Protein chains: 2
Amino acid sequence: MEYNQKQLQIISVAERLFAAKGFSATSIRDISQEADINVSMVSYYFGSKDKLIEALFEVRAREFGARLDELLRDLGLSPMQRVNLMVDGMINRIFEKQCFHNVVLREQLSPDRRTPIISELLTELKLKNLRAMESIIHEGQKLGIFRSEVDVPMLSTTLYGTVNQLLSTKSYYCTVYGIQDLSEEEQEAHMIAKLKSHFKKIFQEMIKPELNDSITS
Amino acid sequence: MEYNQKQLQIISVAERLFAAKGFSATSIRDISQEADINVSMVSYYFGSKDKLIEALFEVRAREFGARLDELLRDLGLSPMQRVNLMVDGMINRIFEKQCFHNVVLREQLSPDRRTPIISELLTELKLKNLRAMESIIHEGQKLGIFRSEVDVPMLSTTLYGTVNQLLSTKSYYCTVYGIQDLSEEEQEAHMIAKLKSHFKKIFQEMIKPELNDSITS
DNA sequence: TTAAGATAATCAAACGTTTGTTTGATTATC
DNA sequence: GATAATCAAACAAACGTTTGATTATCTTAA
């Protein structure tokens, strides 16, 4: 489906409001007011409120998919470099598109209420992401740089889960690390840096060869 | 605040519906129908829908707090045993109270819309949890069993985030591990076992002394 | 123990808003 | 002159909440 400029603007406003208040708590009148359009325009362009959020997922899923393909073309680097690049890229991606990410988290919490279209888009995207990560790990395993037993789905879940958790408990994070008085940009930078170093360490510890790895193989 | 049997039943029904559909998408008529009461009873007992969810958080926060205190009394064990016990206990706790946990996740996503009462209860609970974890780690560090540099808040965030992520993407998890045809109980058992072994490994790798730890100290 | 009186619980019905959506006329663009 | 975009207004349905009457439960004094 192709969307014109006006439709994309409506989608963008809806995304921001859905992220902040949730789908049900956001009225079409909220959206039309923020987007400076008439209430009837949402139905006119998308058909219904449900179709609007479907369009949102359609557009953003396509963008993320394209970005994933890009990442997969970063060859000529060592497996460990590629792992670090993938971790950094994923953290950057989520922080850049926090609103959409927030909407995804909300929708994931109601698997039943969700339209099949959204479910399929999300599952597809997550699987694509997992395959990319697996291919990098397997490469390192073939070269004998990584240990033979790596639970990639769980590592990926840990990565995403941690970033999500941090994002949805921002103020708690700032309290714990005593950075409440920093600007919002500085707080985010703190979180991003912390996440990147944290996961560089975790991935290193979880995929580097174990002492007995050469013996058992 | 004390609540009678009827109130606790309403809270329990509301909890289940809030978890499944979200606060805004759940109407008082939904709740009263499921709880087999008159619509006016919610206002009669709690005052309003907002006060109802506050009561829910009040009750559950108290329960969780009490359970945390219990956990802290498990002395006479080695620090590593206590870490494992804490990880297992936390995973069990979340899986047991999935509904409430789901509601917490939803509320965390709208920090602005939330009433201060809920925010404070959640922050308090999270801090209490963090302090418990820190005390165990510090004990291990004093004994020289754990490395000196452990980022406890990040480890805790990773633990919670991963469990959350897994719970909110259950069907994706089952697809990845090919256990869609198992019963729901078996699927949950699979997830719990996987989580526990995963985090035993992560914690081990992240807190055991590094090779150069004795040199730098 | 019982009758009377007070308090608590329950109910159907109605309240005024807000909801998503549609209509039909008007304006802009091609 | 046709198609697309925009608008104020209206629509029925659903919302949280209140009302006022009715029933159940408890309290208290004879």
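Just so it is clear: chains get the letters A, B, ... in the order the sequence lines come, proteins before strands, and each one is counted from 1. Hydrogens, waters and symmetry mates are skipped; everything else that's a heavy atom, side chains included, is used. Worth saying up front: this structure is predicted, and the values here are computed from it rather than measured.
Stem analysis of DNA chain D (Watson-Crick or G-U pairs, both distances under 3.5 Å, runs of at least three) returns C:1-4 with D:27-30, C:6-29 with D:2-25.
A search for salt bridge (charged side-chain N to carboxylate O under 4.0 Å, His left out) contacts involving B:Lys6 returns nothing, not counting sequence neighbours. Qualifying side-chain hydrogen bond (donor to acceptor under 3.5 Å, both in side chains) partners for A:Lys49, counting only residues two or more places apart in sequence or in other chains: none. Among residues two or more places apart in sequence or in another chain, the salt bridge (charged side-chain N to carboxylate O under 4.0 Å, His left out) test is passed with A:Arg106 by none. Residues passing the salt bridge (charged side-chain N to carboxylate O under 4.0 Å, His left out) test with B:Lys21, sequence neighbours excluded: B:Asp30. Applying the salt bridge (charged side-chain N to carboxylate O under 4.0 Å, His left out) test to B:Arg67 and every residue at least two apart in sequence or in another chain returns B:Glu96. Taking B:His190 as the reference, B:Tyr173, B:Tyr177 meet the ring-ring contact (aromatic ring centres under 6.0 Å, His included) condition, with sequence neighbours excluded.
Screening residues 169-186 of chain A for salt bridge (charged side-chain N to carboxylate O under 4.0 Å, His left out) gives A:Lys170-A:Glu188 as the qualifying pairs, with residues at least two apart or on separate chains. Pairs of residues two or more places apart, or lying in two chains, that qualify as salt bridge (charged side-chain N to carboxylate O under 4.0 Å, His left out) and include a residue from residues 127-138 of chain B are B:Asp69-B:Lys128, B:Arg131-B:Glu134. Applying the ring-ring contact (aromatic ring centres under 6.0 Å, His included) test to every pair with at least one member in residues 20-59 of chain B, sequence neighbours left out, gives these pairs: B:Phe18-B:Phe23, B:Phe57-B:Phe100.
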Exercise for review: Sugar-phosphate means primed atoms, P, OP1 and OP2; the rest is base. With that split, encode nucleotides 25-30 of chain C 5' to 3' as B, S or - using protein heavy atoms under 4.0 Å.
Suggested key: ------
Revision key, fill the gap. Once base and sugar-phosphate atoms are separated, protein heavy atoms under 4.0 Å mark nucleotides 3-15 of chain D, 5' to 3', with B, S and - as -SBBBB-B----B
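With respect to A:Asp88 and A:Lys200, a salt bridge is recorded, a charged nitrogen being found less than 4.0 Å from a carboxylate O.
In this structure, A:Ile31 atom CD1 and C:dG20 atom P are separated by 8 Å, rounded to whole Å. Distance, A:Lys21 NZ to C:dT18 P: 12 Å, rounded to whole Å.
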